[in-house]
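To start, the structure itself, in structure tokens.
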Amino acid sequence: FEHLGDIDVNMDYMPNIRALDNCIKGYVTVSPYGGYTCNSEFEFLTGNSMYFLPSGSASFTQYMNNDMDSLVSHLNSLDYNTVALTCCRRGLWKIESAYEHFGFDTAYFKDNVKLSNIQYINGNISDDAIYRRVEKEFERKPKDESMFVWVTTMQNHAPYNSTLESDRTPIDLTDPANDQADIYLNSIYQADKAIGDMVEYFKNVDEDVVIVFFGDHYPHISGFYDEMVGFIRSLFESALKTNDALQFGVVTGCLRISKESIFTGLNHLQISSIYNNGYEEAFGFTQKETEQMLTYYGMEERIPEAKE
């Protein structure tokens, strides 16, 4: 919430994440909102963009029909043991089939993940239970084996209507007043604690470990979305349409902005995408950069394929 606007909360709800050192932090932009986790997984693991697929597409269910080059298959080629671990059902977004096409050596789902001391937060299996399972998987591997573990959790997913006393924490959101947002921040506070415990565990292992985590989509909290869209629409209209001091403006990082509701008050927009010859080198990688990357990874033989 904080980078969208000021909130009034009685204490820090992410103390462990903010206290992390020896790390890189920042914001990540993902294509889905309120759901469609499979699309974020698809983009992260393959490096492909949902931009080229029709709006509303679900990558796993519609386009993952064959084996696909991915971060997983690349790590497999380097003799990593690749493991997918989730508390979701196998049939959700057809993740079982998708993980097979990615090439995971092993995949655990809700029916076979075998969690111990399960706690439910916000009606979902807690992040802490999943992270304890990751630690057990790490302890099972031979010491000289490299491992990649892909984890998805559900604790902070909508809906946010829990009335369980066990879900309450000291976090109290007072402004803006929204019961669902308050429940969400309480869940985030407990997720932050689970992250802190997991990081502390891996600090004490005698191996190099890299932990990467990101949000796959924003939470859908009733009452916030309409208010935010109205604010952003008004902001853009004031800044770009009725601003007499502005002669020319550029909006970047948007998907077909003429179709987005926050731009409905604007007109005479010119859309420049990777298909425009004048901007073809402003998006993605240039030929020189692509050749340098393929050479760096010992894949020079695939340069002609990349050109196609």
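These numbers were taken from a predicted model, which means no experiment stands behind them.
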Is it the case that over 12 heavy atoms from other parts of the model lie below 6.0 angstrom from the [atom1] atom of [X]?
X      : atom1 : value
Lys141 : NZ    : yes
Lys114 : NZ    : no
Tyr201 : OH    : yes
Asp179 : CG    : no
Asp206 : CG    : no
Tyr296 : OH    : no
Asn112 : CG    : yes
Asp208 : CG    : no

Is there a path from [X] to [Y] through hydrophobic residues (I, L, V, M, F, W, Y) whose side chains come within less than 4.5 Å of each other?
X      : Y      : value
Leu71  : Leu78  : yes
Leu92  : Phe102 : yes
Tyr218 : Phe42  : no
Tyr184 : Ile17  : yes
Val134 : Val72  : no

Using every non-hydrogen atom in the two residues, find where [X] and [Y] come nearest and quote the distance to one decimal.
X      : Y      : value
Ala306 : Leu294 : CB-CD1, 3.9 Å
Asn178 : Leu173 : O-CD2, 4.4 Å
Arg18  : Lys25  : O-NZ, 2.9 Å
Thr295 : Glu291 : OG1-O, 2.7 Å
Ile171 : Asn186 : O-ND2, 3.4 Å
Glu135 : Asp197 : OE2-O, 4.4 Å

Taking the side chain as every heavy atom from C-beta outward, state whether [X] and [Y] have any pair of such atoms under 4.5 Å apart.
X      : Y      : answer
Met11  : Pro170 : yes
Phe60  : Tyr99  : yes
Arg133 : Leu85  : yes

Once rounded to the nearest 0.5 Å, what's the spacing between atom [atom1] of [X] and atom [atom2] of [Y]?
X      : Y      : atom1 : atom2 : answer
Ser146 : Glu207 : OG    : CD    : 8.0 Å
Phe213 : Thr153 : CZ    : OG1   : 11.0 Å
Thr152 : His157 : OG1   : NE2   : 10.5 Å

Salt bridge (Lys or Arg N to Asp or Glu O under 4.0 Å) assessment of Glu137 paired with Arg140
CA-CA 5 Å; Glu137 195 69 18; Arg140 289 172 49 187; 3.3 Å; yes
Asn122 side chain vs Tyr160 backbone, donor-acceptor pair below 3.5 Å
no
Using only atom types and a distance under 3.5 Å, with no angle test, would you say the side chain of Ser73 pairs donor to acceptor with the backbone of Asp69?
no
Quick one: which of Tyr36, Trp150, Trp93 gives a side-chain hydrogen bond (donor to acceptor under 3.5 Å, both in side chains) with Glu41?
Trp150
No-hydrogen, no-angle side-chain donor-acceptor test under 3.5 Å, Thr169 and Lys193:
no
So, Gln190 versus Ser126: side-chain donor-acceptor pair below 3.5 Å or not?
no
